[in-house]
Amino acid sequence: MSSSSNSDIRNFTLNFGPQHPAAHGVLRLILEMDGETIVRADPHIGLLHRATEKLAEQRIYNQSIPYMDRLDYVSMMCNEHAYVMTLEKMLKLEVPERAQYIRVMFDEITRILNHLMWLGTHALDVGAMTVFLYCFREREDLMDLYEAVSGARMHAAYYRPGGVYRDLPDEMPKHKPNRWRNEKDLARQNVGRDGSVLDFIENFTERFPGLVDEYETLLTDNRIWKQRTVDIGVIDPDLAKQLGFTGPMLRGSGIAWDLRKKEPYEVYDKLDFKIPIGVNGDSYDRYLVRIEEMRQSNIIIKQCVDWLRKNPGIVMSTNQKAAPPPRSEMKEGMESLIHHFKYFTEGYSIPKGEAYAAVEHPKGEFGTYIVSDGANKPYRLKIRAPGFAHLAAMDEMVKGHMLADVVTVIGTMDVVFGEIDR
Amino acid sequence: MSLEDSQQERLEEIFEDLFERGALSLTEYLGELTLEVISSEYLSLCKQLQNNADMQMDQLIDLCGVDYSEYSGAVEERYAVVVHLLSTRLNERLRVRVFATDDELPVVESLTDLWKSADWYEREAFDLFGILFAGHNDLRRILTDYNFVGHPFRKDFPVEGNLEMRYDEEQKRVIYEPVTIENRVVTPRVIREDSRYV
């Protein structure tokens, strides 16, 4: 410090991350501090950049679906959804109604999956350890559902252009006995798994509201939780729009904007649910919004289960130029064999043009913009990730707050670096 | 003119003189509207889209660069910036495309004064495509590594990259070397224009 200055106080720069438990992955923050107060925050991102968009240009359209799972790796199927919706739009492909219901159901399962992850880590960052354990208990059930339909716990690649990969299985897989698991544990882990996958989902929807109450008893009226979140990271509605906020970040500021209502895709217009909005636009309001979204998702899942029980049918488009033929036909029919061969080797070409389609992802508006020049590979794929716009507002949100509040703001933004860095 | 008119009609009326001068064109495809504007009118067009009571584009949802150098079709300039706008009040979307006039030094006006969300999107387009944004006050790289050379999303940038990195046991530090991997194309890129796809 220079002795010539008449004050001994000056701003100093603090490095936060890239490896920090509260950084939710690989976020590096350069914080300019005035004592404990933040003057400027400069996030450095890109540490998880894998050039997904460039890689997609090298591959036929279907080969990029698994890449989508790896973008926002806590809400996998919603990412796939935006991508296949853009492809379907450009191919003018109809999706069977049953597949639409399955997609909506899994979108909402994914929303719960994402919000549970967010709630657990957000609470953990702020100092409440227990919530994390409870949230992960329920996530396990939902990941088992992913596994039951697609074979993978996380990176499902379940949505395909024209529908979903396969129909819901008739049997829900069970945990098997082994030497580390006694009878009592096994019985507890296999609750609700005696019937089909739909039975298990129904069982889950009956249990879940009580479980959300459980999280709420830990946090909603908790004095410490409120001290750490109320009035932290306040964003007024106009600023939220300026900053490109979408999803719960926008709704937390009191704007009732939800693509499921405003631009209904799939069968959302046939379902009954409400859109929660915040009042003050602070971290506590966004917490309340997301908690209510979990309850609403649960209601949507229930409606989907009812419909799916009553309406069996196909789950993949029968347009064989853009969707694979059923395996049974492929063994018998020449035509189907050719379609199958062409579909999985060369893929399908998409007519020249461009399109953008977006879904209401758990984090906000997740969209993909595809430019095609008529080839079997995209000419340009741009992924619009909600977290990118949210993290860009970091400086805006933490300015004037204390260092400890940075952690709250990172938590309330629900950042996941898979989608931000792409 | 009222909000009852379709978005297309409103656009045609608001920007009548631009259309007449040939500075602006409007296309509709798959229910999406795309405005293509010359770069000198880009900023003022966006300002009007934001402020005009019949447009009210209050959100910039996305901004990205596109390198048209290998595009099969009539595209004269190489770099374009594509902006996706959203009006939450009118529930309407609009795409705006502007081509940078100079392929060697592509420069486009910055939208950061209109929408704050443009800040990082423009940094990304600069990083990946090397498009410069006039008026952006913090145009640094964002996604690529510190000291990265080149703009990786340009079509002439190899997918496997130019440099690879490893820890050298003798020098006891991380060193950069030319890449040793090769790009392997399993499925060739083909353009089909038969009746199946029309």
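Lettering follows sequence order; numbering is per chain, from 1. These values consider heavy atoms only, across backbone and side chains, with no hydrogens, waters or symmetry-generated copies.
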Chain A heavy atoms under 4.5 Å from [X]: which part of the residue, side chain, backbone, both or neither?
X        : value
B:Tyr121 : both
B:Gln59  : both
B:Arg141 : neither
B:Asp119 : neither
B:Glu70  : both
B:Thr112 : neither
B:Thr34  : side chain
B:Leu86  : side chain
B:Leu128 : side chain
B:Ile61  : both
B:Val82  : side chain
B:Arg154 : backbone

If you count heavy-atom pairs within less than 4.5 Å of chain A, which of [options] leads?
options                               : value
B:Asp145, B:Asp127, B:Val185, B:Thr88 : B:Thr88
B:Val186, B:Asn183, B:Thr144, B:Asp67 : B:Asp67
B:Leu114, B:Leu60, B:Thr27            : B:Leu114

I want to check something: taking the side chain as every heavy atom from C-beta on, are [X] and [Y] in contact at a cut-off of under 4.5 Å?
X        : Y        : answer
A:Arg70  : A:Thr52  : no
A:Leu243 : A:Ile235 : yes
B:Arg93  : B:Glu32  : no

Is it true that [X] and [Y] have a side-chain N and a carboxylate O under 4.0 angstrom from each other?
X        : Y        : answer
B:Asp58  : A:Lys241 : yes
A:Glu53  : A:Arg380 : yes
A:Glu57  : B:Lys155 : yes
B:Glu109 : B:Lys47  : no

Between A:Tyr379 and B:Tyr71, is the ring centre distance below 6.0 Å?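 So the answer is yes for these two rings.
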
Taking the six-membered ring for Trp and the single ring otherwise, decide whether the centroids of A:Tyr67 and A:Tyr83 are under 6.0 Å apart.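 No, they do not, as the ring centres are separated by 6.0 Å or more.
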
Less than 4.5 Å to any heavy atom of chain B: does that hold for the side chain of [X], its backbone, both, or neither?
X        : answer
A:Ala322 : neither
A:Leu239 : side chain
A:Lys382 : side chain
A:Ile45  : both
A:Lys92  : side chain
A:Glu365 : side chain
A:Leu381 : neither
A:Glu354 : both

Quick check for you: to the nearest 0.5 Å, what is the distance between A:Arg251 atom CZ and A:Asp258 atom CG? 4.0 Å

Determine whether more than 12 heavy atoms belonging to other residues, nucleotides or ligands lie under 6.0 Å from atom CD of B:Glu76. no

Test the A:Arg422-A:Phe388 pair against the cation-pi criterion, namely NZ or CZ under 6.0 angstrom from the six-membered ring centroid and within 45° of the ring axis. yes

What do the steps show when you test A:Tyr265 against A:His81 for ring-ring contact (aromatic ring centres under 6.0 Å, His included), and what is the final call? CA-CA 11 Å; A:Tyr265 50 95; A:His81 200 165; 5.6 Å; yes

Quick check on the interface: out of [options], who has the most heavy-atom pairs with chain B under 4.5 Å?
options                     : value
A:Glu396, A:His49, A:Arg384 : A:Arg384
A:Val371, A:Leu391, A:Leu47 : A:Leu391
A:Ala392, A:Ala51, A:Ala393 : A:Ala392

Check B:Ile142 against B:Trp120 and note the closest heavy-atom contact, atom names and distance. CD1-CD2, 3.5 Å

Check whether any side-chain N or O of B:Asn91 sits under 3.5 Å from a backbone N or O of A:Lys262 as a donor-acceptor pair, and report yes or no. yes

